Each structure stands twice: as C-alpha cells, then as structure tokens.
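Below is one structure, written out as structure tokens; the observations come after it.
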Amino acid sequence: MRIIDIIRKKRDGFPLTREEWSFFIKGITDGSVPDYQASALLMVCYLQGLDEEETLSLTEEMLHSGEVLSLSLPHTVDKHSTGGVGDGVSLAIAPIVAACGGKVAMMSGRGLGHTGGTLDKLDSIPGYRTNLSVSEFRSAIGRVGCSIIGQTADLAPADRILYALRDSTGTVENKSLITASILSKKLAEGVDSLVLDVKTGSGAFMKKREDAISLANTMVSIARRSGKRVTAFVTDMDQPLGDRIGNSLEVIEAIDCLNGRAPKDYTELTIALSSEMLFLAGIGERAFCEEKVRASIADGSALKKFAEMVENQGGDASYIYHPERFERAKDEYAVRSEKEGYVQSIDAEGYGLAALLLGAGRNKKEDTVDYSAGITVLKKRGDYVKAGEPLVLLHANGKSFAEAERLVLSSCKIGENRPPFSPLILTKID
Ligand code: URA
C-alpha cells in the first residue's frame with residue numbers, strides 16, 4: 001500500500017477502506033507518512049467529506065493508536081463540550097454526578113484562543129494535580145467517584161499529530177474530522193457512557209445551528225456504533241455561559257452553583273447534563289436522576305464531593321469552602337454602556353478574546369495564563385441597561401484595559417426592543 005495512492009483515491013471522490021485508514025494512522029504515528037502527505041490527505045478529506053463508515057474507521061484507528069483504558073467500574077460516564085466562553089460547568093458536574101453514584105472519568109484540555117480549558121481552571125486551585133498516572137486516575141475514580149486530569153501522552157497520540165496539522169492547514173472545521181478527534185480521545189478513557197454538549201453560535205466552532213446539529217448526529221451515531229451509551233445536547237453559545245469568564249473566576253462560579261447560587265443559565269445546563277449522565281450511567285430514570293441532582297446541591301453533598309476530589313489530587317480544599325481565598329486581580333475596570341436599551345446579543349467570541357487579552361487565556365500553547373484575570377458579566381441578553389451603567393467588570397494585573405474595553409463594547413449590541421426569548425438548550429439527540 002502507498003500513501004500517494006490513498007491520497008489520489010480520496011481526491012477522486014472514492015471512500016477509503018478500513019485498511020487504508022489504518023495504514024494512514026499507523027504511518028503518521030510511526031512517522032513513515034510525512035507531514036506534507038498527511039496534510040494533503042487532510043485537505044482532500046476536508047473537501048470531499050467522509051461517509052459514516054469512513055468516519056467510524058478513522059475514529060477507531062485513531063483510538064487504537066495509543067493506550068485504551070479499562071476502568072472496570074460500574075456507572076462510568078464522561079461529558080464533553082465542543083468548547084465555549086464561560087463554560088466551566090464540568091467543574092460542577094463531575095462532583096454532582098459522583099455525589100449521586102456515577103463514576104466520572106474526565107480527561108480535559110487546556111484553553112487555546114478564545115475558549116477556556118478545564119485544566120487551566122483547576123490549576124488555579126493551589127496544589128491540585130492534573131497529571132495523575134493512569135493507576136492514580138483509576139483509584140481516584142474508585143475512591144472518590146470523580147477525577148479530572150489532563151490527557152496522558154499515550155492516549156490517542158494520532159489525534160495530537162493530526163490536530164496540529166489541521167490547525168495549521170485550515171482543516172479543523174470538518175464534522176468527520178472533529179468527530180474522530182473528539183471521540184478517539186473520549187473512547188480511549190474507557191467510560192461506558194458519554195454526554196456531549198455541542199455548542200453553536202458566535203462563541204462556538206460551529207457558528208450555524210444546522211452544522212452543530214449535523215455534528216451532534218454524527219458524533220452520536222459513531223459513539224453508539226463503538227458501543228457507548230450517548231446523548232448529545234446542542235446548546236446556545238450566542239452569549240457567554242454564566243456570568244464569569246476566566247480561570248479562578250469560573251471555579252468560583254462552579255462553587256456558587258454547588259451552593260445553589262449560580263446564574264440561571266449555568267444552573268440549567270449543569271442540571272440537564274448531570275441528570276442525563278446519571279441516566280446513561282444506569283442510576284435510574286431521568287426524572288429520578290434530576291431529583292437526585294437537585295438534592296445533591298441542596299444538601300451540600302456535591303460541594304463536599306468537589307472538596308474531596310480536590311483534596312485527593314493534592315489541592316487545598318479550603319478554597320472550595322472559602323472561595324474568597326482565591327487571589328483577586330489587582331486591577332478592576334467597569335466597561336460602561338454608551339447607550340440605553342435592551343441587550344440584543346453578545347458576541348461570545350469577542351468577550352472570550354477580551355478575557356484572553358487580559359491574561360486569562362493563551363494565544364500559543366507555550367503562553368502562561370493569569371488565573372485571576374477575566375471578566376464578570378453584569379448584563380446578559382434581554383437585560384435593560386442605562387447609558388453609563390456597567391456592562392462588565394474587567395479584572396487584570398497591570399494590563400491596559402483599552403483593547404478589551406473596545407472588544408466588549410463592539411460585542412454587546414444594545415437596541416430599543418426587548419429581544420425574543422431564546423432557549424439555552426436548542427435540541428437533544430438521544
Ligand atoms: N476539539 C477536539 O478535540 N478536536 C477537534 O477537532 C475540535 C475540537
């Protein structure tokens with residue numbers, strides 16, 4: 001078999017066989033397929049598309065390019081979001097689900113560009129270790145019921161190579177390539193069930209709703225054919241989720257949620273995703289699972305579970321009970337509305353980029369993040385604002401606020417009429 005023949009075949013519109021996908025993935029993993037040929041094949045995949053059989057073959061070959069964990073525990077489940085702004089709900093969901101009897105095995109990533117990453121948020125808790133070994137991860141899940149760590153180097157290594165090439169060749173936004181990338185990593189974690197949160201809107205990868213629905217359908221179908229119980233939610237990212245954007249700010253928001261005090265949209269999504277995870281994990285019927293979730297927040301058991309997870313991974317659990325201990329950014333600046341009226345829309349990507357400029361995110365993988373930097377959102381879609389009233393508070397350490405202010409003002413559209421209600425959960429595929 002030769003890679004040049006595989007590239008030509010796909011270029012001419014013919015689907016590739018399982019053996020051809022296997023040859024390609026083995027070749028990029030052992031280095032026998034050079035980057036220029038891998039990039040050429042990625043571009044023809046992007047342009048020609050992959051059918052379902054090909055998407056399944058690519059996903060499974062990428063999955064088996066590295067270690068596949070076996071957790072050997074009942075009720076194992078994970079959740080994955082395709083990435084958004086202010087989307088720190090995993091931090092609340094993992095302990096809620098664990099407090100209700102699920103076993104949450106979560107391997108997460110760092111933030112890049114305008115979207116945040118769960119690992120950076122957890123790094124803001126002093127001492128918390130995200131680099132557990134596989135055996136530590138397994139025993140943390142068994143003992144505590146949940147663990148959130150970074151991906152180990154042995155997990156789906158083909159994805160790391162392909163993702164870097166896709167990122168530099170304009171071939172990220174293809175639903176089969178995204179499906180294979182996300183599912184190869186999630187299936188390698190060894191969980192039995194998976195809840196997917198596919199974001200759509202200005203702050204998401206999939207700007208158009210129909211593209212997000214199509215991606216969600218593809219992911220559900222491939223995960224199911226790989227033997228997993230799966231549900232996908234398609235949710236709105238046409239404004240930031242919750243009221244906080246930034247690392248320690250989003251940990252504080254998760255703690256607020258576990259204390260029953262988070263913003264309505266944040267709480268709604270947390271409860272919906274947690275309940276579905278418990279249902280898929282076999283804990284009970286959906287209504288029963290939702291009741292359990294609400295009770296775990298009301299009786300404090302989910303908050304206690306969060307502290308337990310943090311402590312088990314070397315973190316200072318006192319921060320979970322006393323979030324005022326998180327270091328605050330030294331400088332604060334209120335961005336004030338230039339007009340009076342209703343907030344019509346907020347370009348979530350614009351707010352995400354403003355938070356990045358303040359130090360909360362990274363442009364390049366090597367950049368360091370400022371855990372206390374970010375944005376507190378004071379007005380959301382549908383809120384009324386007077387001229388001169390603050391729209392957001394910016395938090396930073398020694399940075400100019402000018403560019404972030406400009407981004408916030410251009411991202412927040414104010415108009416005369418109250419905008420129509422728009423639901424957070426747009427559709428569910430189960
Ligand atoms: N997240 C991933 O891990 N892979 C993609 O292709 C897109 C989002």
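Source: prediction; values computed, not measured.
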Examine distances only and state if a side-chain atom of K199 and a backbone atom of M206 form a donor-acceptor pair shorter than 3.5 Å. no
Looking at residues at least two apart in the chain, or sitting in another chain, which of them share a ring-ring contact (aromatic ring centres under 6.0 Å, His included) with F23? none
Using modelled atom types and a 3.5 Å cut-off, is there a donor and acceptor pairing between side-chain atoms of S181 and backbone atoms of L177? no
Among residues two or more places apart or on two chains, list those pairs meeting side-chain hydrogen bond (donor to acceptor under 3.5 Å, both in side chains) that have a residue in residues 240-258. K121-E250
Is D383 close to L378 at the side-chain level, that is, under 4.5 Å between some pair of heavy atoms? no
M237 side chain reached by V85 side chain, heavy atoms, under 4.5 Å: yes
For I271, does its backbone N or O pair with a side-chain atom of S274 as donor and acceptor, under 3.5 Å? no
State, with a plain yes or no, whether a side-chain heavy atom of L356 is found less than 4.5 Å away from one of L353. yes
In sequence, state the C-alpha distance, the side-chain angles, and the governing distance for V144 and K305, and then conclude on side-chain contact (heavy atoms from CB on, under 4.5 Å). CA-CA 7 Å; V144 180; K305 191 55 82 180; 3.9 Å; yes
Got a second to check how far T118's OG1 is from I148's CD1, nearest 0.5 Å? 6.5 Å
Within the supplied structure, the quantity of interest is the number of heavy atoms (other residues, nucleotides, ligands) at a distance under 6.0 Å from E327 CD; does it exceed 12? no
Donor-acceptor pair, K185 side chain versus A180 backbone, under 3.5 Å? no
Could you check whether any side-chain N or O of D154 sits under 3.5 Å from a backbone N or O of G66, counting only pairs where one atom can act as donor and the other as acceptor? no
Residues 418-430, side-chain donor-acceptor partners within the protein, below 3.5 Å, at least two apart:
from, atom 1, to, atom 2, distance (Å)
K428, NZ, E276, OE1, 3.2
D430, OD2, R286, NH2, 3.1

Spell out, as yes or no, whether a donor-acceptor pair under 3.5 Å connects the side chain of K228 to the backbone of S193. no
So R381 and D236, do their side chains get closer than 4.5 Å, heavy atoms only? yes
Pairing residues for K175 by the salt bridge (charged side-chain N to carboxylate O under 4.0 Å, His left out) criterion, not counting sequence neighbours: none
Check whether any side-chain N or O of E52 sits under 3.5 Å from a backbone N or O of T218 as a donor-acceptor pair, and report yes or no. no
Please indicate whether K399 has more than 12 foreign heavy atoms, meaning atoms of other residues, nucleotides or ligands, lying under 6.0 Å from its NZ. no
Of all the heavy-atom pairs spanning Y342 and G382, show the shortest one and how long it is. CD2-O, 3.5 Å
Are the side chain of K292 and the backbone of S275 linked by a donor-acceptor contact shorter than 3.5 Å? no
Heavy-atom count around E210 CD within 6.0 Å, excluding the residue itself: above 12? yes
Tell me every residue that passes salt bridge (charged side-chain N to carboxylate O under 4.0 Å, His left out) with R209, counting only those two or more places apart in sequence or in another chain. none
Measure the CD-CG distance between Q48 and D12 for me, rounded to the nearest 0.5 Å. 8.0 Å
Just to verify, what does E311 make a side-chain hydrogen bond (donor to acceptor under 3.5 Å, both in side chains) with, not counting sequence neighbours? none
Set of side-chain contact (heavy atoms from CB on, under 4.5 Å) partners for N397, sequence neighbours left out: A329, K330, D370, S372
For a quick check under 3.5 Å, do E20 and T17 share a side-chain donor-acceptor pair by atom type? yes
What pair of heavy atoms forms the shortest contact from F288 to I283, and how long is it? CE2-O, 3.8 Å
Spatial distance of atom OG1 (T130) from atom CG (D123) [nearest 0.5 Å]: 5.0 Å
Sequence neighbours excluded, the answer for side-chain hydrogen bond (donor to acceptor under 3.5 Å, both in side chains) partners of S176 is T55
Looking only at heavy atoms, which two atoms of C412 and Y351 are closest? And how far apart? CB-OH, 3.5 Å
Contact summary for V230 and A223, nearest pair of heavy atoms: CG1-CB, 3.9 Å
Test: side-chain hydrogen bond (donor to acceptor under 3.5 Å, both in side chains). Region: residues 141-152. Which pairs qualify, not counting sequence neighbours? R143-N312, S147-Q313
Salt bridge check: are R294 and E290 linked by an N-O gap of less than 4.0 Å? yes
For the side chain of D265 and the backbone of G242, is there at least one donor-acceptor N/O pair under 3.5 Å apart? yes
Spacing of CD1 belonging to I222 relative to CG belonging to N217, to within rounding of 0.5 Å: 11.0 Å
Determine, stepwise, if the pair T270 / V293 fulfils side-chain contact (heavy atoms from CB on, under 4.5 Å). CA-CA 9 Å; T270 299; V293 166; over 6 Å; no
How about R362 and D120: do any of their side-chain heavy atoms sit closer than 4.5 Å? yes
Check: S345 side chain, K413 main-chain N or O, donor-acceptor pair, under 3.5 Å: no
Pairwise distance CE(M219) to OG1(T82) - rounded to 0.5 angstrom: 6.5 Å
Which donor-acceptor pairs under 3.5 Å do side chains of residues 86-99 form with protein atoms, sequence neighbours excluded?
from, atom 1, to, atom 2, distance (Å)
D87, OD2, S81, OG, 2.8
S90, OG, K79, NZ, 2.9

Could you walk me through whether F24 and L162 pass side-chain contact (heavy atoms from CB on, under 4.5 Å), step by step? CA-CA 11 Å; F24 170 54; L162 283 183; 3.9 Å; yes
Looking at E53 and R225, is there a salt bridge between them, counting it only when a charged N and a carboxylate O are closer than 4.0 Å? yes
Heavy-atom closest pair, residues D238 and G201: OD1-CA, 3.5 Å
Which pairs with one or both residues in residues 29-78 pass ring pair (Phe, Tyr, Trp, His ring centres under 6.0 Å), sequence neighbours excluded? none
A158 versus I25, closest heavy-atom pair with distance: CB-CG2, 3.8 Å
Among I245, L358, L249, I375, find the residue that satisfies the side-chain contact (heavy atoms from CB on, under 4.5 Å) test when tested with H395. L249
Ionic contact status for R8 with D5, cut-off 4.0 Å: yes
Please list, chain by chain and in numerical order, all residues satisfying ring-ring contact (aromatic ring centres under 6.0 Å, His included) with Y319, sequence neighbours excluded. F326
Report the C-alpha separation of L122 and V251 in whole Å, then their side-chain angles, then the decisive distance to 0.1 Å, and conclude whether the side-chain contact (heavy atoms from CB on, under 4.5 Å) test is met. CA-CA 7 Å; L122 285 167; V251 178; 5.8 Å; no
Between the CG atom in D78 and the CG atom in L71, the distance rounded to the nearest 0.5 Å is 10.0 Å
With respect to E54, which candidate in R18, K10, K9 satisfies the salt bridge (Lys or Arg N to Asp or Glu O under 4.0 Å) definition? K10
